[in-house]
Undergrad: 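Below are the structure tokens for one structure; questions will follow.
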There are 2 protein chains.
Amino acid sequence: MSDATKARKAALRKKLIELAEAQIAAEGLSSLRARGLAKEAGCAVGAIYTHFTDLDALVLEVNGRTFRRLGSSVAASVAAAADQPPRDRLIAMSHAYLHFAAEHAFLWRALFDVEMSADGPVPQWYLDALGGLFSYIAAPLAELFPDMPEHELDLLTRALFSSVHGIVLLGLEKRISGVPLAQIEQMIAQVLSRVQ
Amino acid sequence: MSDATKARKAALRKKLIELAEAQIAAEGLSSLRARGLAKEAGCAVGAIYTHFTDLDALVLEVNGRTFRRLGSSVAASVAAAADQPPRDRLIAMSHAYLHFAAEHAFLWRALFDVEMSADGPVPQWYLDALGGLFSYIAAPLAELFPDMPEHELDLLTRALFSSVHGIVLLGLEKRISGVPLAQIEQMIAQVLSRVQ
DNA sequence: CTATTGGTTGAACGCCGTTCATCAATTAGC
DNA sequence: GCTAATTGATGAACGGCGTTCAACCAATAG
């Protein structure tokens with residue numbers, strides 16, 4: 001296969017991922033349609049399936065991008081708060097998580113809405129990305145609780161991540177108990193600053 | 001309309017709700033099919049739509065039942081721990097929430113998976129049921145923090161509910177970070193017992 | 001006994017994701 | 001430079017979905 005052919009192939013693949021991402025970002029995961037995507041990309045529906053085994057695989061690519069951007073976003077907030085006490089770093093990265101979720105609401109939701117339906121194993125990069133987020137939390141916690149056994153520290157890490165995730169999830173869910181961003185920030189700070 | 005006719009009508013309606021509930025409980029919300037339901041109920045597909053505007057409305061009925069049972073379950077755990085200190089009551093009701101979610105995984109998930117897609121307003125009983133759960137949490141918190149302003153107490157209530165919800169959600173999600181029930185209990189206790 | 005009402009029927013509609021025989025274009029061999 | 005082989009692209013077709021609606025029928029009212 002010539003370089004030009006490979007390039008065209010890769011270009012269509014990239015275009016499909018970008019268009020899918022734009023569609024999800026604009027109108028949500030459930031608005032993604034194979035036919036709509038093909039029309040926008042200027043190709044036939046069947047072409048999608050030469051690049052991805054099914055639409056879920058395509059969404060997984062989009063989620064990969066989203067997860068990496070979320071990771072950088074949180075990492076940047078940690079770096080910016082490097083000279084602050086551990087509890088403030090925890091709050092800073094949680095607020096970064098919140099703002100990412102709020103600014104990219106549909107893309108962020110897609111992270112947790114796709115996997116459930118697919119029944120293949122979770123890809124490794126997914127677990128790695130999650131592990132990365134966990135490690136950002138674990139570091140300040142280890143400073144706060146230097147005597148805590150590793151196992152308990154690991155559990156507390158997961159517990160706090162899940163707590164922040166839950167607060168962001170329900171806080172942004174306007175249909176259930178949606179509240180202003182400032183109040184969600186307050187809730188996160190309330191829970192994290194009470195961790196003694 | 002005669003009583004017999006009304007009774008038959010109500011019987012089919014009830015049967016449809018029960019069959020839908022059984023299907024969701026057994027294989028999840030996404031496995032619910034109008035045709036399958038009609039076949040099980042021994043009626044035509046169209047009959048479903050004389051009792052419910054669409055399948056979402058039927059699922060909403062199922063969710064209503066689930067929410068009421070969840071409410072009683074949490075209420076019972078509060079009653080059983082009535083003589084214990086507030087923090088222990090918080091932990092007891094959170095564990096009740098966890099065990100309900102674990103035992104009725106698919107029905108519990110349906111509570112949060114349907115509403116999102118429908119675009120009508122959230123029905124009042126939904127908000128009432130959520131308010132009920134909140135009030136169970138608010139009571140022990142008011143004992144723990146008698147001087148806290150009402151607004152902040154309200155925020156802390158939502159924050160703690162969301163935290164427990166997040167821990168249960170991700171803890172039960174085997175595909176992401178699923179862990180044994182005992183560990184999820186530990187995580188809940190960790191977060192709640194640290195609330196000072 | 002007839003007219004009317006209202007729940008029930010199931011074929012049909014439009015949309016969906018996915019497939020596959022067919023096509024077209026590029027590559028490899030000579 | 002020509003032919004054969006390969007491979008991505010095509011889009012009509014398939015099966016399945018939620019939902020609709022003209023036709024049907026059983027029960028009620030006059």
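The chains referred to below are lettered A, B, ... by the order of the sequence lines, with proteins before strands, and numbering in each begins at 1.
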Undergrad: Should the pair A:R65-A:E18 be classified as a salt bridge under the 4.0 Å nitrogen-to-oxygen rule?
TA: yes
Undergrad: Can you sort out the partners of A:E40 under salt bridge (charged side-chain N to carboxylate O under 4.0 Å, His left out), two or more places apart, ordered by chain and number?
TA: none
Undergrad: Starting from C1' on D:dT10, measure out to NZ on A:K39 and report it in whole angstrom.
TA: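 The distance from NZ of A:K39 to C1' of D:dT10 comes to 16 Å, rounded to the nearest Å.
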Undergrad: Minimum heavy-atom separation for B:Q23 to B:S31, with atom names?
TA: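 Smallest interatomic distance, heavy atoms only, reads NE2-OG, 2.8 Å.
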Undergrad: If you group Ile, Leu, Val, Met, Phe, Trp and Tyr by side-chain heavy-atom gaps below 4.5 Å, do B:V45 and B:L32 land in one group?
TA: no
Undergrad: Is a donor on one side and an acceptor on the other found under 3.5 Å between the side chain of B:Y97 and the backbone of B:S73?
TA: no
Undergrad: Once you round it to whole Å, what is the distance between P of C:dG7 and CZ of B:F52?
TA: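 Going from B:F52 (CZ) to C:dG7 (P), I get 14 Å.
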Undergrad: Tell me what A:L12 touches on the nucleic acid: a base, only sugar-phosphate, or nothing, going by heavy atoms under 4.0 Å.
TA: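 The residue A:L12 makes sugar-phosphate contact but no base contact.
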Undergrad: When you check every protein heavy atom under 4.0 Å of nucleotides 12-17 of chain D, what one-letter string (B, S, -) results, 5' to 3'?
TA: BB---B
Undergrad: Separation of B:Y49 atom OH from D:dT20 atom P, in whole Å?
TA: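 Rounded to whole Å, this separation is 7 Å.
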Undergrad: Which residues within residues 14-27 of chain A lie with some heavy atom under 4.0 Å of an atom in DNA chain D?
TA: none
Undergrad: Between B:L55 and B:A34, what is the shortest heavy-atom contact and its length?
TA: CD1-N, 3.9 Å
Undergrad: Could you tell me whether the phosphate oxygens of D:dG8, OP1 or OP2, come under 4.0 Å of any side-chain nitrogen or oxygen in A:H51?
TA: no
Undergrad: State plainly whether the residues B:R69 and B:E103 are in salt-bridge range, i.e. N to O under 4.0 Å.
TA: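 Answer for the salt bridge query: no.
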Undergrad: Measure from CD1 on A:I48 to P on D:dG11 and round the result to the nearest Å.
TA: 13 Å
Undergrad: How long is the line joining CG of A:L37 and C1' of C:dT18, in whole Å?
TA: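 Rounding to the nearest Å, CG of A:L37 and C1' of C:dT18 are 14 Å apart.
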Undergrad: At under 4.0 Å, does any side-chain N or O of A:T50 touch on OP1 or OP2 of D:dA9?
TA: yes
Undergrad: Considering only NZ, NE, NH1 and NH2 on the basic side and carboxylate oxygens on the acidic side, decide whether A:E173 and A:R109 come within less than 4.0 Å.
TA: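 Yes, charged N to carboxylate O under 4.0 Å.
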Undergrad: Minimum heavy-atom separation for A:C43 to A:L12, with atom names?
TA: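 What the structure gives for the nearest pair is SG-CD1, 4.3 Å.
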